[in-house]
Amino acid sequence: MALIFLGQSTCALCGQLLMPGEQVKGLPAISNTIHPLYKYFDCGFHLQCFQNWDKKEEALNLIKEEKQKFKNSEYFKEMAAKYGIPKWLEEDD
């Protein structure tokens, strides 16, 4: 998940500072470094900027795809068998 320092980090969409008391949204990193939206991941946004973003649905779908790829990986299957499914993935089932 993105590291966001209120009062120092800027919104990836409008460029303004993300300030204490504002509603903020962060996106996790994705592995596809050549995707046109890559620069918007592992970043923070004003919630309103994110909600109004014309690429919001595409970005959310990319996150779903990344999670599914991870869940289908041999590494995940091995770790889930040993330790269980992480809470951050349980909500997707």
Side-chain angles (χ1 to χ4, degrees):
M1 186 54 73
L3 288 176
I4 300 168
F5 300 98
L6 298 176
Q8 297 179 24
S9 298
T10 58
C11 174
L13 295 172
C14 75
Q16 299 296 310
L17 284 175
L18 300 169
M19 299 301 291
E22 294 180 327
Q23 291 183 309
V24 174
K25 168 84 175 160
L27 292 179
I30 61 170
S31 61
N32 184 353
T33 60
I34 61 170
H35 192 282
L37 296 181
Y38 175 77
K39 69 180 183 178
Y40 296 103
F41 288 86
D42 205 21
C43 294
F45 309 88
H46 292 108
L47 183 59
Q48 187 173 14
C49 291
F50 182 76
Q51 288 175 336
N52 294 327
W53 187 29
D54 63 335
K55 303 289 185 190
K56 176 180 86 169
E57 291 305 318
E58 184 178 355
L60 294 174
N61 285 332
L62 282 170
I63 293 168
K64 284 182 186 178
E65 289 173 18
E66 290 274 326
K67 281 185 177 181
Q68 193 57 51
K69 284 180 196 175
F70 179 63
K71 289 167 82 171
N72 291 336
S73 72
E74 291 304 315
Y75 173 78
F76 174 77
K77 291 174 186 174
E78 180 182 335
M79 292 297 113
K82 285 183 183 179
Y83 307 109
I85 297 175
K87 290 186 188 255
W88 63 273
L89 284 174
E90 284 179 350
E91 63 197 34
D92 295 341
D93 293 332

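What's counted below: heavy atoms across the whole structure, side chains too, no hydrogens, waters or symmetry copies.
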Requested in this report: Verify side-chain contact (heavy atoms from CB on, under 4.5 Å) between L60 and F50, making sure each step is shown before the conclusion.
Outcome: CA-CA 11 Å; L60 294 174; F50 182 76; 4.0 Å; yes
Requested in this report: For Q23, look at atom CD and say whether over 12 heavy atoms of other residues, nucleotides or ligands are found less than 6.0 Å away.
Outcome: no
Query raised in the report: If you measure from OH on Y40 to NZ on K56, what distance do you get to the nearest 0.5 Å?
Result: 16.0 Å
Report task. Kindly indicate, with the supporting measurements, whether the criterion side-chain contact (heavy atoms from CB on, under 4.5 Å) is fulfilled by Y38 and I30. Result -> CA-CA 7 Å; Y38 175 77; I30 61 170; 3.8 Å; yes
**Report entry** For S9 against L3, the heavy-atom pair lying closest together
**Finding:** OG-O, 4.2 Å
**Report entry** Rounded distance (nearest 0.5 Å) linking atom CG of L27 with atom CG of L62
**Finding:** 10.0 Å
Query raised in the report: Which heavy-atom pair separates G44 from A2 by the least distance, and what is that distance?
Result: N-CB, 4.4 Å
**Report entry** Nearest-0.5 Å distance, CZ of residue F45 to CD1 of residue I4
**Finding:** 8.5 Å
Query raised in the report: If you measure from the Lys or Arg side-chain nitrogens to the Asp or Glu carboxylate oxygens, is any gap between K82 and E78 under 4.0 Å?
Result: yes
Query raised in the report: If two hydrophobic side chains count as joined below 4.5 Å and joins carry through other members, does L18 share a cluster with L47?
Result: no
**Report entry** Separation between CZ of F76 and NZ of K67, rounded to the nearest 0.5 Å
**Finding:** 11.0 Å
Query raised in the report: More than 12 heavy atoms of other residues, nucleotides or ligands under 6.0 Å from CZ of F70: is that the case?
Result: yes
Query - Rounded distance (nearest 0.5 Å) linking atom NZ of K25 with atom SG of C43 - result: 13.0 Å
Query raised in the report: What distance do W53 atom CH2 and C14 atom SG have between them, rounded to the nearest 0.5 Å?
Result: 13.0 Å
Query - Under 3.5 Å donor-acceptor, H46 side chain and Q48 backbone - result: no
Query - NZ/K55: more than 12 non-hydrogen atoms of other groups inside 6.0 Å - result: no
Report task. Please check if the side chain of E22 supplies one atom and the backbone of M19 the other of a donor-acceptor pair under 3.5 Å. Result -> yes
